[in-house]
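In what follows, a structure is listed as structure tokens, so that the remarks can point back to it.
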Amino acid sequence: MKYLLIFILFPFTILSQNQNTFRIEFNTDFRGYEMEEFNERINDPAYIDKFYYDELTNISLTEGFNFEMSVSYRPFKFVSFGIYGGYQFGKVERDLRIILNQDDIYTPNDTFPGKRMFEVQSINAGLNSSLLFNEMSFWKSQSGLSRIETSFSLQIGFGWASFNTYDSFEGFVDNDIKRVYNSTGLQMISTLKIGYLLSKGMYFSSVGLKLGYQYFQTSDLQSEGDAYYTYDRKTILDFSGFNVGLYLSIGR
Amino acid sequence: MKILICVISTLFITLAMYGQKKGALGIEVSTCYNQYNLGEFNKSIDKMNSNSSLILNTDEYSEIRGGMDYGLAVNLQISQCFNLGIYGEYFSGKSKNEFILISGGEFGTPIDTSYWTRHLEVNSLILGLKSSFFISKSAFWKKHDWLSKIESAIDLSVGYSFSGFIFYNNISGVPSGTGKEINKVSGIQLKSQFKIGYLITNSTYFSSIGFKVGYQYLNTSRLKGGQFNYFFNEENAPRLNFSGLTAGIYLTFGK
């Protein structure tokens, strides 16, 4: 009975001493995106009028940026739990041109350069948990590492994604109309962080680098008018890929 | 001299009480319903609708009068009675109306009736600074024991808004990529709110939940109007006036 009690109560013996247990973190990172199916669609000549180009060059959407905020609480010395919310986006553009033929052969044709924009974005929210290596005894025994923090975190959440596409030509007034398609999906991210503790007193603050991998594939892109992108083949958004960035945290 | 010593001692004791929760770092999340003052905007939309070939298919036309607001703030208690923070909020208002379009009938062509749903949305993302004055931390409030679990504050905030108007149609039975016309504007938001809530915990960690009611001022720049904009030309493009009353609930937590 005595040993059972010790076993049950042991995790509580390593409870933090009420210091540095509430944390707010802001981060921004550069993200690589897979987008294989999506890039196939935007390069498929079946979906772009030959009138707009001489030669269809290959373009691909492979990267973007993310801004995120999280709030976490550390109930145990090595582990924290929290919630996060973020916004990520990426874009790619294709060069187009419109040629207006003149009536006589002596007047050169008018050529208007333009661009077809492809923008993707998502809003994500979910839960996170972190394992704090710098709170472990092997880390604390090294005096040279006292100002260094490092952790491994897992995030699981949900994302609401959208894809906009529109054309814009020089010499023509933009009419601000974008074709919009939406999709959703489950997001999972694992991240390794290493940072420097700027202050450790009443407030703690730290800044550092993060490196991770995101898995986030959405359902088929569909408009509110019940049309898929494209009209005869469905397309998902695949935001999966590696990411690297910076974080800043403050807490008590 | 004795009176002076008593006054100074009382002042120091009071200040010592004020010194207890200074430095707390907290998060506030809130959701409210906002009323908007979109008279000019709704009038411009009505004028355009009445000049189009679309016929309203319901008895009453639905206008945008209000919408939901979601806010998040990070606050630092700089003194016993005041906190300062940064906030972000998003609010929107939507309307959806059913129309029919009757086409054809000339020169023996068949008459075709299509059913349209016209969607209008106005929205705004605000980023700014806010400050709160806690009435519940002043001396007269602390005198009453029964008020010890009640918190009350006045919030003042100023922010920059990224606002927009979105318009699109869906035609029933015709799958089509939704073409949204997006018209972006901006403005300065000023907001003041009165909060009253219940302190759930007030020790090392604090949390509270309550109600807030207030007034928001936000009148944006003019929407873009022009040759290719459906609703507005350059002379009659309205502003988005989100000014009005706001009421909702909030939750705070922190340490």
Side-chain angles (χ1 to χ4, degrees), chain A residues 16-26 47 67 69-75 82-85 87 119 123 125 162-169 172-182 201-205 221-232 235 248-252, chain B residues 21-29 70 72-77 85-86 88 90 94 96 116-117 119 121 125 127 164-185 203-207 223-232 234 252-255:
Chain A
S16 65
Q17 293 172 358
N18 266 346
Q19 285 184 341
N20 306 340
T21 53
F22 177 69
R23 181 173 175 136
I24 301 170
E25 188 174 297
F26 302 94
Y47 305 117
F67 299 100
M69 178 181 162
S70 67
V71 177
S72 58
Y73 165 64
R74 187 158 65 101
I83 54 175
Y84 75 95
Y87 170 76
E119 298 172 348
I123 292 175
S162 70
F163 159 56
N164 309 334
T165 179
Y166 59 97
D167 295 345
S168 174
F169 285 90
F172 290 82
V173 176
D174 289 339
N175 62 7
D176 298 319
I177 292 185
K178 298 183 181 184
R179 294 269 160 216
V180 181
Y181 300 85
N182 302 307
M202 184 178 165
Y203 299 98
F204 76 87
S205 62
L221 284 167
Q222 193 174 9
S223 72
E224 279 192 44
D226 293 333
Y228 289 98
Y229 184 80
T230 55
Y231 57 88
D232 59 347
T235 315
L248 168 71
S249 72
I250 51 172
R252 290 189 77 193
Chain B
K21 292 289 162 59
K22 182 181 165 183
L25 183 66
I27 299 272
E28 178 182 311
V29 292
Y70 305 97
L72 172 71
V74 177
N75 302 311
L76 179 67
Q77 196 79 21
I86 54 173
Y90 175 80
K94 298 180 187 180
K96 193 166 82 169
W116 292 48
T117 305
H119 297 260
E121 179 181 332
L125 175 70
L127 297 171
F165 161 56
I166 299 172
F167 144 66
Y168 59 100
N169 295 315
N170 284 333
I171 304 171
S172 176
V174 178
S176 62
T178 305
K180 296 190 179 183
E181 183 179 289
I182 301 170
N183 202 327
K184 294 183 183 176
V185 284
S203 53
T204 313
Y205 295 94
F206 64 88
S207 64
L223 288 164
K224 202 160 63 173
Q227 184 183 0
F228 293 100
N229 284 85
Y230 183 79
F231 278 106
F232 315 117
E234 284 188 40
T252 69
F253 54 92
K255 187 185 175 202

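Just so we're clear, the structure is a prediction, and the values are computed from it rather than from any experiment. Within every chain, numbering begins at 1; the chains are lettered A, B, ... in the order of the sequence lines, protein sequences first and strands thereafter.
Residues meeting the side chain to side chain donor-acceptor pair (under 3.5 Å) test with A:Y73, sequence neighbours left out: none. Here A:Y87 pairs with A:F89 under the ring-ring contact (aromatic ring centres under 6.0 Å, His included) rule; sequence neighbours left out.
Atoms CZ and OH, on A:R179 and B:Y168 in that order, are 13.0 Å from each other to the nearest 0.5 Å.
In this structure, chain A has no heavy atom under 4.5 Å from any part of B:I171. Heavy atoms closer than 4.5 Å to chain B are found nowhere in A:L221, neither backbone nor side chain. Looking at A:V71, only its side chain comes within 4.5 Å of chain B, counting heavy atoms on both sides.
Residues B:I27 and A:I24 share a closest heavy-atom pair of CD1-CD1, 3.6 Å. When every heavy atom of B:L76 is checked against every heavy atom of A:Y203, the shortest pair comes out as CD1-OH, 3.4 Å.
The side-chain heavy atoms of B:T117 and A:E224, taken from C-beta on, include no pair separated by under 4.5 Å. No side-chain heavy atom of A:Y166 sits under 4.5 Å from any side-chain heavy atom of B:I182.
The closest donor-acceptor contact from the side chain of A:R252 to the backbone of B:G254 lies at 3.5 Å or more, if one exists at all.
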